[in-house]
Colleague: 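Here you go, one structure.
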Amino acid sequence: MSDEKLPTRSENYSEWYNQLVLRAELADYAPVRGCMVVRPYGWALWENLQQALDRRFKATGHMNAAFPLLIPMSFFEKEKEHVEGFSPELAVVTHGGGEKLEEPLVVRPTSETIIGYMYSKWVKSYRDLPILINQWGSVVRWEMRTRLFLRTTEFYWQEGHTAHATEAEAQEETLRILDIYANMAYEDGAIPVIKGRKSDTEKFAGAMRSYTIEGMMGDTRALQAGTSHNFGQNFANAFDIRYLDVNNQLQACWTTSWGLSTRFIGAIIMTHGDDQGLMLPPRVAPIQVVIVPIFRNDAEKSLVLPVVERLKNELSAFRLKVDDRTELTPGFKFNDWEMRGVPLRIEIGPKDVEKGSVMAARRDMPGKAGKTILSQDGLAQQVEKLLAEIQSAMLRNATAFRDAHIFDPKDYQELQQVVQNGWAYSWWCGSKDCEAKVKEDTKATTRCIPLDQPGGTGKCIVCGEPAAQKVYFARSY
Ligand SMILES: [Zn+2]
């Protein structure tokens, strides 16, 4: 906790972000460079996101399992693109039990290889398919430039890995998961992500097709918030995942993998946060309601506290905190909970006790506009309604911000301007050269080829050749 003000977002967005993560006690720097410690408040947020995803995975037939952290080095050499994509990021264990290992072990950067190996043992016939497994855990990728939550050497995530009998089933699964991610982002995170396919340049190492949800952050940069990959038969061939079909013919499986990580916390911070601090969507906020009792002396205290106690019990369905810290002023507490992004604050003083009311203050509407007097009668229903309103207002505001910063530039010159403070939604011929030119000139990359296309054809914004698809170009995290 600190009295110092946060840097504003317009002064220094990146410093605003770093300071906020630390001061809100979401995470801290670990002794190993690039690693983070997720603190209880940050972990509680992650747990809520986990639950929001996990119930959706289970409702669509997936089960959780746990695979080992250590993977034989040789596994990474089986799928060429995959090893090339990851080799600079691998952390390798060369010694164990005081001796040099015969074969080095890799600390998993992702688990396709080891899971592929196990699936090859488990899958014999078409009756064993599909396999729909998810794993919650952490992975290690040796990153040079790190930011808390956005890019750390070790991060927490879920990785789903599925094997199917047909290409169509694998594709259906890939898109089903993309829908789950988008649905969770909209419904729980209040983040209006855009679903799309990654270009060949941007796709995952070894994947046939990669899909993504892309969110626009408060500085208009894009953040890839979850990905779903269709591997075709690449991994099945490399790891020998084969099955006997109904005609007793040996076939290679079709596999997918998909992941969403603690990076999503970064997306929540940067989509909703303001100069006061975090603004957490009620559905995932670790604390949904904070009650601040207000009194100046013992007489007022004995009037206020019993009412606080009673209302606390009535509001037990919510994730609630009573701020009974005695050494701090109410004003300090208000700022502190605003900085930590609690969606709703309830103030109770002697006057409120007298009137049978409370003062409610919304985090998403600063100042007087967000304050309402609520009756103590039926408070739980009123709080529920307010939290639902806050949740939808946050999505509405984020959507309005996103749409106000997506442009349809008329030519390449205009594209170069708009990507400085927004996204360009433009026709693209699909060539790597055009993609590379935009990156070279502006640092903006293709974020995704949205699944929703306008139809028809146009001219590539870069080279003017005929183009069949529109794409988002943006600078990204
Ligand atoms: Zn082109």
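Every number for a ligand or one of its atoms is a count from 1 in the order of the listing. Atom set for the values below is all heavy atoms of this structure, side chains included, hydrogens, waters and symmetry mates excluded.
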Colleague: Nearest 0.5 angstrom please: M73 CE to E102 CD, how far?
Modeller: 15.5 Å
Colleague: Measure centre to centre between the rings of W258 and F57, then say whether the value is under 6.0 Å.
Modeller: yes
Colleague: Return the orientation label for the H229 and F231 ring planes: parallel under 30°, perpendicular over 60°, tilted otherwise.
Modeller: tilted
Colleague: Listing request: all side-chain hydrogen bond (donor to acceptor under 3.5 Å, both in side chains) pairs with a residue in residues 388-400, at least two apart in sequence or in separate chains.
Modeller: R362-E389
Colleague: Please work out which of the three classes, parallel, tilted or perpendicular, describes the rings of W46 and W136, given edges at 30° and 60°.
Modeller: perpendicular
Colleague: Below 2.8 Å of the Zn ion (ligand 1), tally up the protein N/O/S atoms for me.
Modeller: 4
Colleague: Verify whether the ring centers belonging to F239 and Y119 lie closer than 6.0 Å.
Modeller: no
